[in-house]
Each structure stands twice: as structure tokens, then as C-alpha cells.
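This report concerns only the one structure given below.
In what follows, every heavy atom counts, from backbone to side chain, and hydrogens, waters and symmetry copies are set aside. Protein chains get the first letters and strands the later ones, always in sequence-line order, with residue 1 at the start of each. Small disclaimer: the values here were computed from a predicted structure and weren't measured.
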Protein chains: 2
Amino acid sequence: MLDDVHFVLSHTTHPGNIGAAARALKTMGLEHLRLVNPKHFPSAEATRRASRADDILQRTEVFDAIQPAIAEHKLIVGTSARSRTLPWPMLEPRELAQKIAKDPTQRPVAILFGTENSGLTNEELSLCHYHVCIPTNPDYSSLNVASAIQLIAYELRLAALDENLLKTDHPVIDDEGELPASGEQVEQMFEHWQQVMTSTGFFKPIKPKMIQMRFRRLFNKAALTDSEVRLMRGFLASIKKFNSEEG
Amino acid sequence: MLDDVHFVLSHTTHPGNIGAAARALKTMGLEHLRLVNPKHFPSAEATRRASRADDILQRTEVFDAIQPAIAEHKLIVGTSARSRTLPWPMLEPRELAQKIAKDPTQRPVAILFGTENSGLTNEELSLCHYHVCIPTNPDYSSLNVASAIQLIAYELRLAALDENLLKTDHPVIDDEGELPASGEQVEQMFEHWQQVMTSTGFFKPIKPKMIQMRFRRLFNKAALTDSEVRLMRGFLASIKKFNSEEG
């Protein structure tokens with residue numbers, strides 16, 4: 001799906017934004033950039049801002065009018081601030097991404113971005129099936145063009161991940177070989193803890209049952225791994241040893 | 001909710017990124033930016049890249065260490081690439097935003113961003129309850145720091161909009177009316193813990209940095225309440241007292 005999306009930048013003024021756009025696309029696994037009458041391209045500034053995404057710039061196609069840049073697309077979408085003279089079907093970026101992910105007949109897709117100062121012209125917007133509007137702060141909606149590209153590319157990537165892979169939960173516990181501690185391990189740790197608390201005298205002043213319960217809750221919230229249990233026991237053992245050395 | 005989120009940038013090298021960060025925040029209705037040892041600030045380049053978001057820069061607070069910048073926060077989150085030596089509880093940006101939107105007891109929140117080249121240090125990451133990882137292209141995950149800020153700010157805005165519209169259920173508050181411990185409380189507890197580990201000799205045999213990190217991870221997973229911090233400190237104090245009585 002991500003291979004079926006073209007980002008089309010019309011009349012971009014600052015080459016730095018073209019470079020930043022390439023970088024934004026590549027971080028999200030997108031790669032098709034088209035430029036319509038850019039003010040400067042190619043440009044050293046674009047290459048610099050692209051960081052190591054300059055392969056995208058090398059494959060960027062340049063057009064001298066908008067129509068040929070969107071000739072083969074099934075779905076054409078223009079980015080726009082909310083209020084326009086002519087109301088148009090609107091999508092938010094997340095809705096757009098889901099639409100593209102769920103319906104292959106809508107692909108290939110072109111997503112148009114206008115010039116930095118004033119956005120897409122009314123004529124360019126009229127070529128689009130939908131306008132997509134990023135829900136910005138109404139008091140300050142001045143989103144940089146590369147930032148707008150970053151946000152839409154991000155939504156496309158998430159929608160693609162959702163569609164392809166079942167979204168995996170992130171276990172609180174790691175992927176690098178640590179296992180949750182067994183109930184028995186944790187129980188032994190608590191026994192050890194209790195012995196230490198008894199010998200340090202921490203148990204005396206307050207109700208011991210309550211203290212135990214509170215420590216249990218604390219460590220259960222942490223969902224200990226086996227290596228963490230060993231770590232805690234090492235610490236507890238050091239207190240005892242410390243005592244017999246000093247005592 | 002958006003007013004309760006601080007974006008904390010540690011050791012930022014390029015002032016342009018600070019300006020772009022301010023702009024990114026303001027487009028999403030966020031406004032709190034903190035800097036820890038920025039290479040250049042204030043800077044004309046930051047102001048230029050901030051566009052008309054320079055009011056954010058004027059109110060930006062600068063710190064000379066990370067701890068005071070996150071002292072009052074209930075939830076501390078660090079942005080990170082996926083693979084780290086020490087696995088940590090992970091969230092995607094969308095999950096993070098929903099967590100913050102749905103649970104007022106988690107606020108104020110600090111979200112940390114590291115230096116451009118290498119991100120947050122392991123030490124900075126160990127201060128966090130969660131690491132947040134933006135699902136980038138595994139072959140090119142080089143997200144610009146201001147772009148990462150843009151994406152997370154966007155998710156926060158959407159979650160805040162959702163919450164207002166949907167009228168969420170009552171916040172999940174701890175059964176016993178307990179509040180999450182602040183970053184400062186937890187930090188003081190760790191200092192205390194470290195003193196005790198040093199005096200019991202637990203620190204000697206193995207690498208102390210690693211031990212510290214592992215304890216931090218364990219207790220951050222537990223999301224300690226203030227009364228739990230007091231409980232732990234009572235226990236730690238009893239070890240010291242035990243020592244001086246016995247010794």
C-alpha cells in the first residue's frame with residue numbers, strides 16, 4: 001500500500017522543505033515524491049536537509065504542471081486549511097489513511113501539498129476528490145509543509161501496519177529474553193524481605209500485615225521478571241551480610 | 001490537558017530544531033517547552049524557524065540538569081528507538097496520548113527528547129516510567145527531533161479533542177485515594193536506596209550503573225504512589241538505623 005502513494009508538492013519555495021519532506025517520507029517507509037515547478041531543485045540545501053534520505057530526492061520526478069503529475073491516480077487528495085470559499089468533501093488524516101488502507105480500488109493515490117505561504121490554489125483544490133485537513137490549533141494553524149507531510153505519512157504507516165499485521169500489544173515485559181518471575185520466586189522474595197524487615201526492626205512500629213500488603217501491591221504492580229527477583233534478593237542478602245559483618 | 005504537558009529537550013545541538021519544536025507545539029495547541037543544556041539558546045536561528053511561535057520560545061525555561069526539569073511531574077516519558085540494552089515498558093504515541101487524556105492523576109507529564117545524533121542517554125532513559133517509540137521504517141528511523149515532537153503533539157491534540165467530545169468516565173483514581181509520587185520524591189528515594197546499597201556493600205561486586213538502572217526500571221514499572229515512596233523510605237531508614245545500633 002505505501003508503495004502506491006505519491007506525495008505531490010506544488011510550487012515549493014524553500015528547497016530545505018523538499019529535503020525535509022524526503023526525510024519525513026522515508027522515516028515512514030514511503031518513497032514517492034513528485035514536484036511541480038519547485039523554485040530550486042535539485043539543491044544542496046535539499047540534499048542536506050534530507051539527511052540520508054537523498055535516494056528519495058534522486059528518484060523525485062519534476063513536472064511543469066499539476067495535471068501530468070496526477071494523471072494515473074485513482075484518488076486525488078489535497079491538503080487544505082479548514083475554511084475555503086467552496087465547501088468540499090473533507091477527511092481528517094486518519095480517515096484518509098484508513099480509506100486508502102481498506103480500499104485497494106482507491107490506489108494509486110496522489111496527495112497534494114501547496115506552496116508554503118498560501119497552500120494549494122483553488123484550481124488545484126478543485127482537481128481533488130477530497131480535501132484533507134489536519135486538526136490544528138485554530139489560533140495558530142501554521143504547520144510547516146514538511147511537518148504536514150510527516151503527519152500524513154505517519155497516519156498512512158499506522159494504517160498500513162494495522163491492515164497487514166495484526167497490531168501486537170506491547171508487553172510490559174521485554175522482548176530480550178527476560179521472563180516474568182514465577183509466583184514461587186516472588187513468594188520466596190517476599191519471605192526473604194520479611195525476614196530482613198524483621199531483623200532491621202522495621203516491622204515493630206506499625207501493623208506488620210498492612211506493611212506486607214503494601215509491599216506486595218507495590219511489587220505486583222511492577223510485574224517482576226526473574227532477573228529482577230534475583231536482583232532484589234541479592235540486595236536483601238547484602239543487608240544480612242552487612243549485619244553479621246558489622247554486628 | 002494540553003496545558004499539563006511539558007516537552008523537555010535535552011542537549012539540543014541545532015537551534016533550528018528548537019525553533020521548529022516551538023512551531024510544532026503551537027500548531028497543536030501545546031505551549032510548554034523546557035531545554036536542558038541546549039548548545040545555543042536563545043538564538044536568531046531558533047526564532048526564525050519558530051515562525052510566529054516565538055512566544056513559546058520567550059517562555060521556554062532553560063535548566064542545567066535533567067532532574068529539576070522533571071521534578072514536579074507525575075508521569076515521565078522518554079522518546080527512544082526500539083532496541084536498548086535494558087528493556088523498558090514501551091508505549092506507542094497514540095497509547096501514550098490516550099493514557100494522558102484518560103487519567104488526570106498522571107498529569108503533569110514530562111516528555112523527554114534527547115540530542116539529535118544519539119537520543120536520550122541510558123541514564124536519562126532510566127528516569128522514565130515509559131519509553132515511547134514512534135513506529136518508523138526499520139530501515140531508516142532517522143526522525144528529526146522536531147518531527148518527533150510534531151507527531152507526539154498531534155496525537156496529544158487528537159486525544160484531547162476525543163476526550164472533550166466523548167465525555168469520558170470518571171478518572172481511574174487509586175482505590176485508597178493515593179496520588180502518584182512526583183519525579184522528585186522518587187529521585188530522593190533512589191538516592192536513599194543508593195546510599196543504603198553502598199553501605200551494605202551490595203554495590204561493590206557488580207557494575208553499579210547497571211544495578212541502579214535495573215532498580216529504576218523495576219520501581220518505574222510499579223508507578224509508585226506517594227505513600228509507597230514513604231513506605232520504602234521507612235524501610236531504607238530502618239536498615240541504616242539497624243546498622244548504627246548493631247555496629
Side-chain angles (χ1 to χ4, degrees), chain A residues 20 23-24 26-30 51-53 94 134-137 139-144 146-147 150-151 154 157-158 161 170 172-176 178 196-197 199-202 206 211 214-215 217-224 227-228 231-232 234-235 237-239 241-243 245-247, chain B residues 20 23-24 26-29 51-53 86-92 94-95 134-137 139-144 146-147 150-151 154 157-158 161 196-197 199-202 206 211 214-215 217-224 227-228 231-232 234-235 237-239 241-243 245-247:
Chain A
R23 181 173 176 181
K26 193 169 177 181
T27 58
M28 296 296 146
L30 289 140
S51 192
R52 289 170 299 107
R94 194 162 298 171
I134 296 172
T136 50
N137 177 2
D139 296 332
Y140 181 79
S141 57
S142 168
L143 202 59
N144 167 266
S147 299
Q150 182 76 67
L151 291 177
Y154 164 77
R157 180 170 187 80
L158 290 198
L161 286 172
H170 299 288
V172 168
I173 317 213
D174 57 298
D175 11 356
E176 284 172 41
E178 286 190 37
V196 169
M197 283 195 292
S199 50
T200 67
F202 186 57
I206 333 174
I211 291 187
R214 297 177 68 83
F215 275 119
R217 182 183 71 161
L218 190 164
F219 285 103
N220 284 338
K221 280 197 294 178
L224 300 175
S227 73
E228 285 169 343
L231 181 72
M232 282 304 306
F235 171 61
S238 78
I239 299 172
K241 194 156 166 279
F242 172 54
N243 169 31
E245 278 171 6
E246 303 281 322
Chain B
R23 181 173 177 181
K26 193 169 179 183
T27 59
M28 295 298 147
S51 192
R52 288 170 299 106
L86 195 65
W88 213 265
M90 300 291 298
L91 289 174
E92 293 207 345
R94 193 162 298 169
E95 295 169 310
I134 296 172
T136 49
N137 177 1
D139 296 333
Y140 180 79
S141 56
S142 165
L143 201 58
N144 168 267
S147 299
Q150 182 76 68
L151 290 178
Y154 164 77
R157 180 172 187 77
L158 291 198
L161 287 172
V196 169
M197 282 196 293
S199 49
T200 68
F202 186 58
I206 335 175
I211 291 187
R214 297 179 69 84
F215 275 120
R217 181 182 72 162
L218 191 163
F219 285 102
N220 283 338
K221 278 198 295 180
L224 299 175
S227 73
E228 284 168 344
L231 181 73
M232 283 304 306
F235 170 61
S238 77
I239 299 172
K241 197 156 163 276
F242 171 55
N243 169 31
E245 277 169 7
E246 304 282 322

Any [X] side-chain heavy atom under 4.5 Å of [Y] side chain:
X	Y	result
Pro135(A)	Leu161(B)	yes
Arg94(A)	Leu158(B)	yes
Met232(A)	Leu218(B)	yes
Met28(B)	Leu151(A)	yes
Phe235(B)	Val196(A)	yes

Search all heavy atoms of Gly234(B) against all heavy atoms of Phe202(A) and return the closest pair with its distance.
-> C-CE1, 3.1 Å
Side chain, backbone, both or neither: which part of Phe215(B) has a heavy atom under 4.5 Å from chain A?
->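 When you check distances to chain A, atoms from both the backbone and side chain of Phe215(B) fall under 4.5 Å.
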Which bit of Ala53(B) comes within less than 4.5 Å of chain A, counting heavy atoms only: side chain, backbone, both or neither?
->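 Both backbone and side chain.
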Looking at [atom1] of [X] and [atom2] of [Y], how far apart are the two atoms once the value is rounded to the nearest 0.5 Å?
X	Y	atom1	atom2	value
Tyr154(A)	Ile134(B)	OH	CD1	7.0 Å
Leu143(A)	Lys26(B)	CG	NZ	14.0 Å
Arg157(A)	Asn137(B)	CZ	CG	5.5 Å

What's the verdict on side chain to side chain contact (heavy atoms under 4.5 Å, CB included) for Ser142(A) and Arg23(B), showing C-alpha distance, side-chain angles and the deciding distance?
-> CA-CA 8 Å; Ser142(A) 168; Arg23(B) 181 173 177 181; 3.2 Å; yes
